[in-house]
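Scroll down for the structure; my scribbles are underneath it.
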Amino acid sequence: MIEVRDAGPDDGDALGEIHAAAWEAAYGPFFAPEFVTRGVRDRRTRWHRRIAEGTGTLLLATLDARPLALSFSLPSPTRPGLAELYTFYGHPDGWGSGVAPALMTGTLHRLRAAGFARVHLWTLRDTPRSRRFYVKSGFTERGTTRTHDFGDGNPLAQVEYERAC
């Protein structure tokens, strides 16, 4: 059974594990091994703080009570009136299980209920799995690109997607 719910104070470790495992699988090949090790460690510990801040919409999806996907969104700082999906990660153990589509549906429903008509996101240009997922989820590429430096001095190309909530 898949459940989508608000992440709570006791979910920091689960969110960190999801983020770290998914980030390492999807983004690890773009970086030097020592940078990946630091990135995984950081992603495992940052979610307790984000939960405590209480900003944005932070959702957790579970499959048979196992936490496997997370989403985090806020009002877009660059596109007034739109929400921005900052974080959407599924643990590799849940890929293909249906948990990520269920979480996306829940995330869009929550954003719509909060008054957002549209949502946008950025994802790495060279991650075909994530790009296919966003297209399957109804997002369309806007034709907008930017570079993002994850902290290793090696900016990577990102593409922007958008859809109605």
Side-chain angles (χ1 to χ4, degrees), residues 1-31 33 35-76 82-124 126-139 148 150-151 158 161-165:
M1 181 175 106
I2 296 173
E3 177 189 13
V4 176
R5 63 174 175 79
D6 289 312
D10 295 333
D11 293 321
D13 289 342
L15 295 168
E17 181 55 33
I18 293 164
H19 191 184
W23 186 85
E24 183 175 25
Y27 290 7
F30 296 101
F31 303 107
F35 184 79
V36 173
T37 299
R38 286 192 310 273
V40 166
R41 185 174 46 247
D42 174 64
R43 281 157 181 81
R44 281 198 172 109
T45 60
R46 72 170 61 165
W47 289 98
H48 293 282
R49 183 183 75 247
R50 186 156 286 161
I51 292 168
E53 290 169 355
T55 58
T57 300
L58 180 55
L59 299 178
L60 175 65
T62 62
L63 175 61
D64 297 329
R66 181 179 175 195
L68 285 174
L70 73 103
S71 71
F72 177 66
S73 53
L74 290 165
S76 175
L82 273 70
E84 184 166 341
L85 187 54
Y86 278 94
T87 303
F88 194 97
Y89 285 103
H91 194 287
D93 290 352
W95 291 355
S97 70
V99 72
L103 177 60
M104 183 59 77
T105 298
T107 300
L108 295 169
H109 175 76
R110 181 64 66 85
L111 292 172
R112 188 171 46 254
F116 292 101
R118 299 197 66 78
V119 59
H120 75 114
L121 63 89
W122 293 91
T123 192
L124 285 184
D126 297 326
T127 53
R129 176 183 289 273
S130 63
R131 294 181 70 180
R132 281 191 309 270
F133 173 76
Y134 293 129
V135 169
K136 281 179 155 179
S137 298
F139 285 83
H148 180 76
F150 285 83
Q158 292 184 311
Y161 285 83
E162 184 178 327
R163 71 157 283 168
C165 291

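Note that the numbering runs from 1 along the sequence shown for the chain.
Between Y134 and F139, the ring planes lie perpendicular to each other; the angle is over 60°, past the 30° to 60° tilted range.
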Show, in sequence, the C-alpha distance, side-chain angles and deciding distance for H148 and W122, and conclude whether the side-chain hydrogen bond (donor to acceptor under 3.5 Å, both in side chains) test is met. CA-CA 10 Å; H148 180 76; W122 293 91; over 6 Å; no

Show, in sequence, the C-alpha distance, side-chain angles and deciding distance for S73 and L111, and conclude whether the side-chain contact (heavy atoms from CB on, under 4.5 Å) test is met. CA-CA 8 Å; S73 53; L111 292 172; 3.4 Å; yes

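Side chains of S76 and H120: a donor on one and an acceptor on the other come within 3.5 Å.
Y89 approaches A22 most closely through the heavy-atom pair CD2-CB, 3.6 Å. Nearest approach of L15 to L70, heavy atoms of both residues: O-CD2, 3.4 Å. A pairwise comparison of heavy atoms in A69 and I18 identifies N-CD1, 3.5 Å as the closest pair. The two residues G94 and L68 have their closest heavy-atom pair at CA-CD1, 4.0 Å. Contact detail for S71 and T107: the closest heavy-atom pair is OG-OG1, 2.8 Å. Summarising the geometry of G12 relative to I51, their closest heavy-atom pair is N-CD1, 3.6 Å, with the distance given to 0.1 Å.
Atoms CE and CG, on M104 and L85 in that order, are 5.5 Å from each other to the nearest 0.5 Å. Here the straight-line distance linking atom CZ of R110 with atom CG of L58 works out to 10.0 Å at 0.5 Å rounding. Here OG1 of T37 is found 7.5 Å from CD of E24. Values are rounded to the nearest 0.5 Å. Rounding to the nearest 0.5 Å gives a distance of 11.0 Å between OG of S137 and OH of Y161. Remark: D10 CG to H48 NE2 distance equals 9.5 Å, nearest 0.5 Å.
Within the 4.5 Å cutoff, side-chain heavy atoms of L108 are placed close to those of R163. R43 is not listed as a side-chain neighbour of T87, based on a closest heavy-atom distance of 4.5 Å or more. Taking the side chain as every heavy atom from C-beta outward, H109 and L59 never approach each other to under 4.5 Å. At least one side-chain heavy atom of V36 sits less than 4.5 Å from a side-chain heavy atom of W23. Residues R66 and D93 form a side-chain contact, since some pair of their non-hydrogen atoms from C-beta on lies under 4.5 Å apart. Looking at F30 and T127, their side chains come closer than 4.5 Å, going by heavy atoms from C-beta outward. At a threshold of 4.5 Å between non-hydrogen side-chain atoms, the residues E17 and R44 count as touching. The shortest distance between side-chain heavy atoms of E162 and L82 falls below 4.5 Å.
Between the side chain of R131 and the backbone N or O of T123 there is no donor-acceptor pair closer than 3.5 Å. Using modelled atom types, one side-chain atom of D64 and one backbone atom of M1 make a donor-acceptor pair closer than 3.5 Å. With hydrogens and angles ignored, the 3.5 Å screen pairs no side-chain donor or acceptor of W47 with any backbone N or O of A14.
In summary, of the residues considered (V99, D13, L60), a side chain to side chain contact (heavy atoms under 4.5 Å, CB included) with P67 occurs for L60 alone.
Taking the charged nitrogens against the carboxylate oxygens, D42 and R46 do have a contact shorter than 4.0 Å, which makes a salt bridge.
Taking the ring centroids of Y27 and F150, they lie under the 6.0 Å cut-off. Proximity of the aromatic rings of F133 and F88 is defined here by a centroid distance below 6.0 angstrom, and this criterion is met.
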